[in-house]
Amino acid sequence: MSEAVQLKTSPHLRGMHSVDKIMRHVVYALLPVSLFSVMQFGLSALALIVTSVLVCVGTEHFFCKRSGTESTVSDWSAVITGLLVALILPPGFPLWMAAVAAFVSIAVGKVFFGGLGYNVFNPALVGRAFAQAAFTVPITTWTPGMAHRRFLEFIPTTLTPPFLKPDFDAFQIWVESLKIDGYSGATPLAMMKFDHIEVDTLELFLGTLASSAGESSALLILLGGLYLAFRKMLNWKIPVAVLGSAFILSGIFYLQNPEVGLPIYPSPFFTVTSGGLMLGAVFMATDMVSSPVTPVGVWIYGILIGSLTVMIRLFGGLNEGVMYAILLGNAATPLINNLTQPRIYGATRKRKEKAA
Amino acid sequence: MSTKEPEAMTLETFTQGLWKDNPVFVMLLGLCPTLAVTNSAMNALAMGLATTFVLIASGFLVSLLRNVIPKQVRIASYIIIIATFVTMADYGIKAISLDLYKALGAFIQLIVVNCIILGRAEAYASKQTPVKSMINGAGMGFGFTLALLSLGVVREILGSGTLFGIQIMPDRFQTWSVFVLPPGGFFVLAGWLMLFTWLRERKSKQEAL
Amino acid sequence: MDPNSPTFIFLNAFLINNFVLAMFLGLCPFLGVSGKIKTAGNMGLAVTFVMLVSSICAFGLNILLTRYDLEFLRLISYIAVIASAVQLVEMAVKRFSPALFRALGIFLPLITTNCAILGLALFQTAREYTFVQSLAFALGAGAGFTLALLLMAGLREKLDLADVPSVARGAALSLMIAGLLSLAFMGFAGLGG
Amino acid sequence: MSAGTSSSKLVITLGGIAVFSGVLLALTYEITKPMIAKNESEALEAAVFEVLPGAVARENFRLDDTGLRKVEEGSTEEPNLYAGINEAGERVGFALPGEARGYADVVRVLYGYNPENKQVVGLQVLSSNETPGLGDRIEKDPAFQENFTALDASLAHEIETVKNGEKTEPWQIDGISGATVSSKAIGKALRLSTNEWVPKLNAALEAGE
Amino acid sequence: MSHKLLDIQHFLRGTFNQGIHPPENKHFTAGKPIERLAFPPQLILPLSQHAGKPSVALVRKGQEVARGEPIARADGFVSVPLHAPASGVVKDICLMPSARGPMVESIVLDVYAGDPQEVLYGTDVDVDAIPASDLMQAVQDTGLVGLGGAAFPTHVKLSVPEGCVIDTVLINGCECEPFLTTDHRLMIEQAADLVAGTRILMKAVGAQRAIIGTEDNKLDAVEAIQAVLKPDDVVSVKAVQTKYPQGAEKMLAKALVNREIPSGNFPSAVGLGVFNVATATQIGQLLPKKQGVIERVVTVTGPGIGRPGNYIVPIGTPIRFILDALGFEGSARHLIMGGPMMGGTVSSLDTPITKGCGGLLILNEHQLTTEEQMKRYPCINCGACVDACPMMLNPCEMGRMAHKAQYETMAERYHLNDCFECGSCSYVCPAAIPLVQYFRVAKSVNRTKAAAS
Ligand SMILES: Cc1cc2nc3c(=O)[nH]c(=O)nc-3n(C[C@H](O)[C@H](O)[C@H](O)COP(=O)(O)O)c2cc1C
Ligand SMILES: Cc1cc2nc3c(=O)[nH]c(=O)nc-3n(C[C@H](O)[C@H](O)[C@H](O)COP(=O)(O)O)c2cc1C
Ligand SMILES: Cc1cc2nc3c(=O)[nH]c(=O)nc-3n(C[C@H](O)[C@H](O)[C@H](O)COP(=O)(O)O)c2cc1C
Ligand SMILES: Cc1cc2nc3c(=O)[nH]c(=O)nc-3n(C[C@H](O)[C@H](O)[C@H](O)CO)c2cc1C
Ligand code: SF4
Ligand code: SF4
Ligand code: SF4
Ligand code: SF4
Ligand code: FES
């Protein structure tokens, strides 16, 4: 018997989850959504996803090596960031711009604050918000899904050389060559906002319309989320709060619609299935690093995001507000945490007794 | 540097503000105009020069009157003097170019509350001779202008593809509009500060070797 | 929404063109006093308060200056009057509400002449706001400043516990957070349009 | 005021400085006033000429409930619209202001209205804060400016902005794709302004000024 | 608001808020009746086996002692006497290694081999005749300390503080630690003694009723106890939800009678007295005979032991002796004294079983390596710890503060001192952050600082 003395302190048991395992499962849950986007948008979406993931992982690896620490890419979180960055960009987004967005998401959104666990904003959204402000035109140019040659050729804007503008004339010619009936280049959200045309919610749910690469199928996103929720790797309260509050709030406005004529406000079903709300609620508002930890705080956070999204969509200048809503939710997170510290066991009674 | 007694005039009197005590990069003063007007190099230059004018003129006058003004009304007097020169600069720019005036907006008038100026008046001009105060003020002013330009140039080239309004990037260059938008101001300044910290760290590391 | 309605003016200064994050006014206190949530809250209150006072002063003063054609004295008189008014109010607060004074007290002298306050007065004059509009503007600017300050303070408190790389520490960190906040506030663009 | 320095000295010093700066400012004001006035009038003139093709001179008018009056230079009355005069000395139209909420902030425009054929004949954006590269195309985009060479303002139909490429009627503005909000703001500014001013102006003109 | 709702919901299900569900692993020993192990050749009896002042030895080197004879006396009120667990001779009184490392003053007793080892010491008394006021002294004389783990002298808990009235005695039979089954077996096999002890405790503190609380994974124990209760008895038994750390007295008070023990107070503040099942059983057994504590039931269990079971062992038995008897090949590295959630590893196999030790857990190499290979990550803010903490603290924020050594803020703003180190937070943490260790360090640093100033 060896007598090596090694005092370890309790507890000596550990739960089942570890950080890399959780992250890996989130990647699994994102795979169906990613595959669907490739199916819908073809080669360009594939190239977008590959570029973004490689740049994210590469950036993280580079900065770890630079600072002389062990590379942290094996925790899989950079892969999630990369996937999500790709999934919230328009499918024909120039690859070099996607690389910029991915780089910014890791370098500014994550490494800058100290890496995994310390970022105060959702890294993927930092990347996307930066790209949105930097490349305003390309990021609002949408491509129709299910184009028949999508597996044979890239969307013309995809392969724009670095630092150059995409060639929108070539893009226009390409879109026209697809001969899609009634295609206007607008997303369902823009059509709702500016023309008050509401597309069929079922189509949104199944995902057959123009949108960001990974926002189209609410169904697949929901399935991925349910998988994670049941494995307890995702806080189900956040998506429930986000979607629930968005549903209720937009429902209230929906009831204000005039009896005749075009609807001013979309139906609550449209609200929760359109745009990035589903993806944002399930995969991005739930990024635990940038969301509150307290039981009550989580609900406040979710409701804040849901209602901000609806307010921006209905009354703002943008037709989509999920990204900004989540970033604002992230910004409010420390305050929410601060205000909602749970009442600890045995606390109020003491105070009451003192008062008495 | 603030409580020095009268001292000999050296090159340092001028260069102090340029680099070692650069008001923006080192002392982090006057950040509002630094960020607000630097979306183009021209605005940055105009703002820098206007501030320099006020620094020199108020430095001169404060120094001249340093033995006349009683301590109790010191700050009030400085503010009146500064406000006077700021108003002059304001009218001057309006008379020179209305477009420039529109671009800089209220920020010319806000020079009055720029702490660099009151700080210089209080810490330097009230103790030194008029000539030295002017030279030191000029150094500070040029340091400020330099900082504004280093933001303005980056922001204008990346954000608009131009420099002083002249297109310098090729036609197909994709401009990064974020840099002329408000967030870009914060990002570029943060970037410069990080660059300087990094250089300093590298230098001290090399010295340590 | 009518762009001249007080509600919209409030909303504009509060969120859409936030005083700190989009207009770059009041950055010194914003970066200087945003280390702790509690101080930030009090500072926000103090600024809102001083903004209201200076808005009222500037409005009255401007009527006088225009009537007597003395616009060239605007800057000097604004500064002088705002500073004295704040001092008077400070004394009044000290006398009538010591509790409020304790909360605001130390901040008042700090902010009497910063660019958020003077900027507010100048902008409201330049935009020819009516009295009610000016009040809405001051309230919105104060609320916007307070909101930005509180968010910033929360984030900085959180980052106090983070392993931020050494090059990013200090002012660069605060500026970068401010930049990201500013980016997030772009979501409010066009609100109420 | 404390002892040490007598309060009369404080008041005198402060007063002296105030008087000095007052004088300095008054002087500056007097010197720059004509220059500024000239700048402003040139800027206005340039804008008026731009929105009223063919105009080489300007006349100031005031239109209110009492009717249309010509405002002479130097009069205390504030003009609120301007007429453009061509080389032949004929009036080519009126320049009117308009404003509406854009994407980032209020967009202010000046547009030319020709009462003869009841058309908008030119438009200039006076101030806007729209996103560079996106919303600011309302200022520069030649295709968009093309909308305002002959836009029907007879008020038989209200002016409206339609989606890019969907303009079919003379009272429609062909929007900029990707900047729907900004282009709609221009449409709204014109609609509001014409609805308010054109009937009054026409009535005044018919009544014969 | 939402907390009020949670409270109600959890009260109906008979439990507290939050907590965790680690795998129970009680199957190794739950069905095994209590057995007696042979006497070891030598016993090591530390003078400090309890919280409070160490006892004072009454014997000399070379002196012969009989089983059950007092060999050390209490030194003051918060202290207890020590009784000889076996007949033999005092070999030495010297410093010996203790489980936690430092050497402590101990009596080393050479056991007479072949001695019948009967307890000759003690006299039968009629417990019912002892006035309540004398019970405290009687309990102190037994040398009894809390057998639930804290080893706090039991008689001290019988002195009801000024101004408090205790109406209910709670007997803690939760045994929420995975693996351990000592209390479970005691409740089944010695239910009568348990109930008798409970009645004595009620009388001592003046309570009108007692509830024996256990978890709903030990329903056989509930039946066994019910069998010895009278109809309409003032003593009752109740099974609450199986959940860790249901056995913590604060949690149990919440679950059984829905009372919250205020922060920084004892159960007496809300009219409760809480005692462990083994403690009550011992009282039921020892007081009528006026004897002292000389042995206890220990669960020896885990994948690393050949014959797991519940064994009666004399206090002072060296661990090595027990392990050798039951088939063990490993090192101190594999050994945990107590349960896996709150127990500690021992410094050496030569340390003895003390009064407070209810379990020996022997892990195997495989478990240790998987445990050790669990990679440390920075806190990812997942909130699992916040959802687990039964005290509703915020271990996440405290962990981050500890990482930056902001110990004082932890105490001032995040109630560090309410943490009772149950380990739930560390258990669930996916980033493998040693939260409990952080909190122990923080508390001790704060204590040192407070003492210094
Ligand atoms: C979208 C979604 C909604 C859920 N809603 C609830 C709910 O309203 N209430 C609930 O108790 N569990 C709900 N669950 C189940 C939880 O994931 C989890 O299984 C449960 O909260 C575990 O509770 P416990 O820790 O108290 O055993 C939901 C799960 C998902 C994925
Ligand atoms: C950062 C950013 C800046 C924008 N700036 C403008 C703008 O200045 N003007 C505008 O009309 N739309 C702007 N938009 C886009 C609008 O929000 C909206 O999406 C667009 O007007 C829809 O037009 P479309 O239907 O023609 O694509 C901007 C969007 C973003 C993300
Ligand atoms: C996390 C934690 C878990 C506990 N679990 C138990 C338990 O399962 N059984 C028990 O009797 N005491 C347990 N205790 C100790 C009780 O809180 C309490 O001190 C004990 O029941 C009092 O009885 P005693 O003095 O007779 O030991 C636990 C304490 C803590 C802090
Ligand atoms: C449920 C879940 C959601 C996540 N969502 C995001 C996300 O939206 N964006 C992102 O960059 N990383 C996300 N991650 C990965 C990781 O948390 C993130 O990179 C950290 O913020 C890095 O510190 C997610 C991880 C999990 C477990
Ligand atoms: S004193 Fe005022 S102006 Fe100067 S740095 Fe501080 S806040 Fe800014
Ligand atoms: S943790 Fe405490 S209550 Fe649970 S079994 Fe161990 S000693 Fe008993
Ligand atoms: S160890 Fe402390 S902080 Fe952790 S769960 Fe237990 S009581 Fe809460
Ligand atoms: S469980 Fe661990 S990783 Fe999760 S919040 Fe708590 S300390 Fe952080
Ligand atoms: S420069 Fe704006 S507050 Fe200091």
Engineer: Can you measure from CD (A:Gln341) to NE2 (E:His415) and round to the nearest 0.5 angstrom?
Structural biologist: 7.5 Å
Engineer: Grab the two heavy atoms, one from A:Ser291 and one from E:Asn381, that are nearest each other, plus how far apart they are.
Structural biologist: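 That would be O-ND2, 3.0 Å.
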Engineer: Given a strict heavy-atom distance threshold of 4.5 Å, which part of E:Pro390 is in contact with chain A: side chain, backbone, both, or neither?
Structural biologist: backbone
Engineer: Which region of A:Ile22, side chain (C-beta onward) or backbone (N, CA, C, O), has a non-hydrogen atom less than 4.5 Å from a non-hydrogen atom of chain E, or is it both or neither?
Structural biologist: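 Just the side chain, heavy atoms under 4.5 Å.
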Engineer: A:Pro11 and side-chain contact (heavy atoms from CB on, under 4.5 Å): which single residue from E:Met341, E:Met342, E:Glu421 fits?
Structural biologist: E:Met341
Engineer: Hey, what do you get for SG (E:Cys382) to CG (A:Asn235), rounding to the nearest 0.5 Å?
Structural biologist: 9.5 Å
Engineer: Need one label for A:Ser77: side chain, backbone, both or neither, based on atoms under 4.5 Å from any heavy atom in chain E.
Structural biologist: neither
Engineer: List the steps and the verdict of side chain to side chain contact (heavy atoms under 4.5 Å, CB included) for E:Ile261 and A:Tyr345.
Structural biologist: CA-CA 8 Å; E:Ile261 302 167; A:Tyr345 176 102; 4.2 Å; yes
Engineer: Check step by step if side chain to side chain contact (heavy atoms under 4.5 Å, CB included) holds for E:Val428 and A:His17.
Structural biologist: CA-CA 8 Å; E:Val428 294; A:His17 291 331; over 6 Å; no
Engineer: Will you find, in the side chains of A:Asn337 and E:Glu397, an N or O donor that is under 3.5 Å from an N or O acceptor?
Structural biologist: no
Engineer: Given heavy-atom pairs under 4.5 angstrom as the criterion, report whether the side chain, backbone, both or neither of E:Leu335 touches chain A.
Structural biologist: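 For E:Leu335, no heavy atom lies under 4.5 Å from chain A.
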Engineer: Less than 4.5 Å apart, side chain to side chain, heavy atoms only: is that true for E:Tyr377 and A:Met23?
Structural biologist: no
Engineer: For the atom pair NZ (A:Lys237) and CG (E:Asp387), what is the distance rounded to the nearest 0.5 Å?
Structural biologist: 5.5 Å
Engineer: Return the minimal non-hydrogen interatomic distance between E:Met392 and A:Arg343, and the atom names on each side.
Structural biologist: CB-O, 3.5 Å
Engineer: Let's test your reading of the structure: which of E:Ser426, E:Gly344, E:Gly383 forms the most heavy-atom pairs below 4.5 Å with chain A?
Structural biologist: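 The candidate making the most pairs under 4.5 Å is E:Ser426.
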Engineer: Above 12 or not: heavy atoms from other molecules or residues under 6.0 Å from CZ of E:Phe266?
Structural biologist: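 Count not over threshold, so no.
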Engineer: Do A:His12 and E:Thr345 have side chains that get closer than 4.5 Å, going by heavy atoms?
Structural biologist: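 A:His12 reaches E:Thr345 side chain to side chain.
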Engineer: Do E:Pro430 and A:Met233 come close enough that some side-chain heavy atom pair is under 4.5 Å?
Structural biologist: no
Engineer: Is there a side-chain contact between E:Glu260 and A:Ile344 in this structure, where contact means two heavy atoms from C-beta onward sitting under 4.5 Å apart?
Structural biologist: no
Engineer: Any idea which of E:Leu393, E:Asn394, E:Asp418, E:Leu361 has the most non-hydrogen atom pairs under 4.5 angstrom with chain A?
Structural biologist: E:Asn394
Engineer: Looking at chain E, which one of A:Asp287, A:Asp20, A:Val19 has the largest number of heavy-atom pairs inside 4.5 Å, strictly under?
Structural biologist: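 Going by pairs under 4.5 Å, I would pick A:Val19.
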